[in-house]
Amino acid sequence: MDARPLKILVADDNQSDRMILCAIVKKMGHIVCEAADGNEAIEQFMQQSPDIILLDVIMPNLNGQEAAREIKKLAGEDMVPIIFLTSLQEASDLAACLESGGDDFISKPYNKIILQAKINAFSRMLKMHNTLQQQRDVISENNEHMKHEQQVARAVYDNVAHSGCLDLPNIKYLLSPFSIFNGDVLLAARRPSGSIHILLGDFTGHGLPAAIGAMPLAEIFYGMTAKGFLMADILREINIKLKNILPVGYFCCTCMVNLSFRKQEIEVWMGGLPDYGLYRHQTGEVERVKSNHLPLGVLSTQAFDASTKRYEFLPGDKFYMWSDGIIEARNGEGELFGEARLFSVFEDKKSEDFFDRILSSVNHFCGENGKDDDTTLLELSMVDESVVGKVDIDLSSGAITGPTDWHMVYTLRNETLKTFNPLPVMLNILNDVPALRHLSGQLYTLMAELFSNAFEHGVLGLKSELKDGAEGFAEYYRQRGEAMASLEDAYVTFDFDLTPTQKGGCLSIMVEDSGKGFDYKNIKAEPVNQTNVMYSGRGIPLIHSLCDSLTFLGKGNKVKVSLSWQTQPEE
Amino acid sequence: MSHLNLAQIQELKEVMEEGFDDLVMTYLQDSDAKMKTLKKAIQVQDSVQVAEVAHSLKGSSANICAEELSAMFKKIEDSARAEELDQVPYVFEQTVEEFSLVKTQLQQVK
């Protein structure tokens, strides 16, 4: 028994009976309060909130049954066991006691053992009831909390995994409003070339694990598509990302499609999904497109196969993608909708509105029972490119794009010029531009040349032809030491300007030094490889070979180079 | 012949401890008053009140271990509920006698 004493209300109009009951209950270690009739019993109940009530049936003023009804009403959802005290013997009288809200009865003369057993039984029941009530409250609180979290997660998710260009006129789709928590993802974006990337993903599991995986997936998909990456690159990137972040056993069944208007074809990569349907407008035939890969997030980069299949896709042709929610939709009897029923929709050739007919077929099959929200369906049609319009390239989209449009000026003066190597800092910033990352070797050489030209030849006024002989080398460093010691009002300024272009980007760097400059005008027209000497030994030919253009400005103390690149591979 | 269930009354004494005397006194005073009420109700043939008071005395007598007395009150109660009061005055006479014996024995047990 619970060690905590209970508070027990004894309501009996017969004083001697009440005395005996009170004595028994007190002996059991409980606290007693008393009432001599029904009205007093209700009053005591309100004032004392007893745990258990022992209630005589026949009492003056308000009888036990009436009091029981009132007390149960006041108690609401709290459990207050009422044990009727009775010497009534008729079965109907006893039944009436229970109907009025009594939970049990005990007959006179009171038997100590039985009364004790009953009080203990109700005490256990009370404890259980209170535990249940607490748990229920905790559950409902948690549920509220979870709903709120899901709303927040949904808002974040919508910002990351927005629907892209799913609203294009050649796309029809249905996505469950709870899609982020059932693991379905549907993304669409235009490539800079105008073609369309579509990705349907079905994450294992539900809830937050699925939603969390969907975020990097969407980020990579939109970022890389906007930058013009090919499907294979994007899939490889998503695959390794998911493999790295998702726990074992979690992955994403995926179909990615590239629709090319110009080539009139679709390129498909499918992993772990049921067969899709490719409808041919001209013949009315439906070709099944099958998964031939493992889902994304399973294989390592080495083992991952990004190879795609190409299908001719002529005007009027339609490609249907779905999550297994459609195939696994159930009717009242628990039967699955199944692939056969799904593909049979295409057999009826009276019209080509298969999208609507698939949905109505599923709804009809499931009936009232299966208003299943777990359904994702997409129809992609081939139309003339003019129908979908031109691409609005958003070069700023996605973190993967990196900084694409910026300007920076970095000036080094006096002491700093002598002691500080500015190259790592500047290269670090340039390396934030993904397209420049694989040029970092080239960029380093370029920057190093530019800096040494500006400092050694410009600021310090040294001539590199000195370095030709062994003695000259020593002389060069002697002069350099002198010049360094008398440095005054010296500076080298780097001026970076990065701008996006239709196909990639362009970086121009202007370097200005505090030196006297040199006469570049007379030698400008000379073939580059013969002007080494005349450029006062500046490493011009090397610089020239590294960039698209090189121009001297002002009195020769300013040099401007530019470098441009393409991120969008040729199709 | 004992008019009380002696085993039970022993148990009751244990439960009540020092409150036992008080209980006996309360029972006797209460019952005295109720017997008077019962007598009047029988005289005026108020079967509803007869049943009610007899019911109450039946219960408290049982609790005080006076089994025979409780059985007599039950007889009166049952008759009154059946609206058959003919035999009741006779049973009541017996009850008064039994009550006084119970009273005596209770005072001895104290």
Side-chain angles (χ1 to χ4, degrees), chain A residues 8 10-30 32 34-38 54-66 83-94 96-97 105-119, chain B residues 4-5 7-35 37 48-78 80-82 99 102-103 106:
Chain A
I8 296 178
V10 175
D12 194 327
D13 63 317
N14 196 318
Q15 209 189 338
S16 59
D17 287 355
R18 207 162 67 229
M19 286 169 82
I20 296 173
L21 264 183
C22 289
I24 296 174
V25 170
K26 270 184 203 158
K27 260 241 141 92
M28 289 169 64
H30 301 301
V32 188
E34 297 178 45
D37 63 35
L54 304 177
L55 193 59
D56 191 16
V57 185
I58 296 170
M59 287 188 290
N61 299 325
L62 193 68
N63 74 30
Q65 293 176 9
E66 290 160 339
I83 301 174
F84 274 116
L85 309 166
T86 178
S87 43
L88 294 173
Q89 268 141 19
E90 291 292 318
S92 61
D93 289 336
L94 298 175
C97 286
F105 35 79
I106 183 163
S107 47
K108 298 176 189 181
Y110 303 133
N111 180 307
K112 201 181 87 181
I113 311 277
I114 292 178
L115 183 61
Q116 196 159 351
K118 289 196 175 184
I119 288 177
Chain B
L4 297 173
N5 180 328
Q8 253 186 48
I9 203 109
Q10 205 49 45
E11 212 176 282
L12 187 58
K13 275 180 87 171
E14 277 164 30
V15 169
M16 298 306 294
E17 292 174 1
E18 67 270 29
F20 185 73
D21 291 359
D22 224 11
L23 172 68
V24 169
M25 213 163 68
T26 306
Y27 169 75
L28 293 176
Q29 280 172 2
D30 189 44
S31 300
D32 269 337
K34 279 182 179 153
M35 291 286 272
T37 312
V48 173
Q49 202 183 12
V50 170
E52 226 165 72
V53 180
H55 177 85
S56 176
L57 282 164
K58 176 187 74 177
S60 53
S61 301
N63 271 333
I64 208 85
C65 312
E67 288 171 345
E68 184 58 36
L69 183 61
S70 176
M72 288 173 174
F73 284 125
K74 179 175 169 9
K75 217 184 253 177
I76 295 173
E77 183 192 353
D78 289 349
R81 289 203 196 282
F99 178 64
V102 165
K103 194 182 205 168
L106 275 175

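All heavy atoms count here, side chains included; hydrogens, waters and symmetry mates do not. Order of the sequence lines fixes the chain letters, A, B, ..., with proteins taken first and strands second; residue numbering starts at 1 for each chain.
Nearest heavy atom pair, residue A/Ala23 against residue B/Met16, reads CB-SD, 3.2 Å. Closest of all the heavy-atom pairs between B/Ala62 and A/Pro109 is O-CB, 3.2 Å. In terms of heavy atoms, A/Asn14 sits closest to B/Ser56 at ND2-OG, 3.2 Å. Closest of all the heavy-atom pairs between B/His55 and A/Ile58 is NE2-CD1, 3.4 Å.
Most heavy-atom pairs under 4.5 Å with chain A: of the set B/Asn63, B/Asp22, B/Leu23, this distinction falls to B/Asn63.
By the 4.0 Å N-to-carboxylate-O rule, A/Lys27 lies close enough to B/Glu17 to be salt-bridged with it.
Under the 4.5 Å side-chain criterion, counting only non-hydrogen atoms from C-beta, B/Val15 is not in contact with A/Ile20.
Within a 6.0 Å radius of NZ in B/Lys75, other residues, nucleotides and ligands contribute 12 heavy atoms or fewer.
Taken from CD in B/Gln8 to NZ in A/Lys112, the straight-line distance is 12.0 Å, to the nearest 0.5 Å. We find the OG1-CD distance between B/Thr26 and A/Gln15 to be 5.0 Å, quoted to the nearest 0.5 Å.
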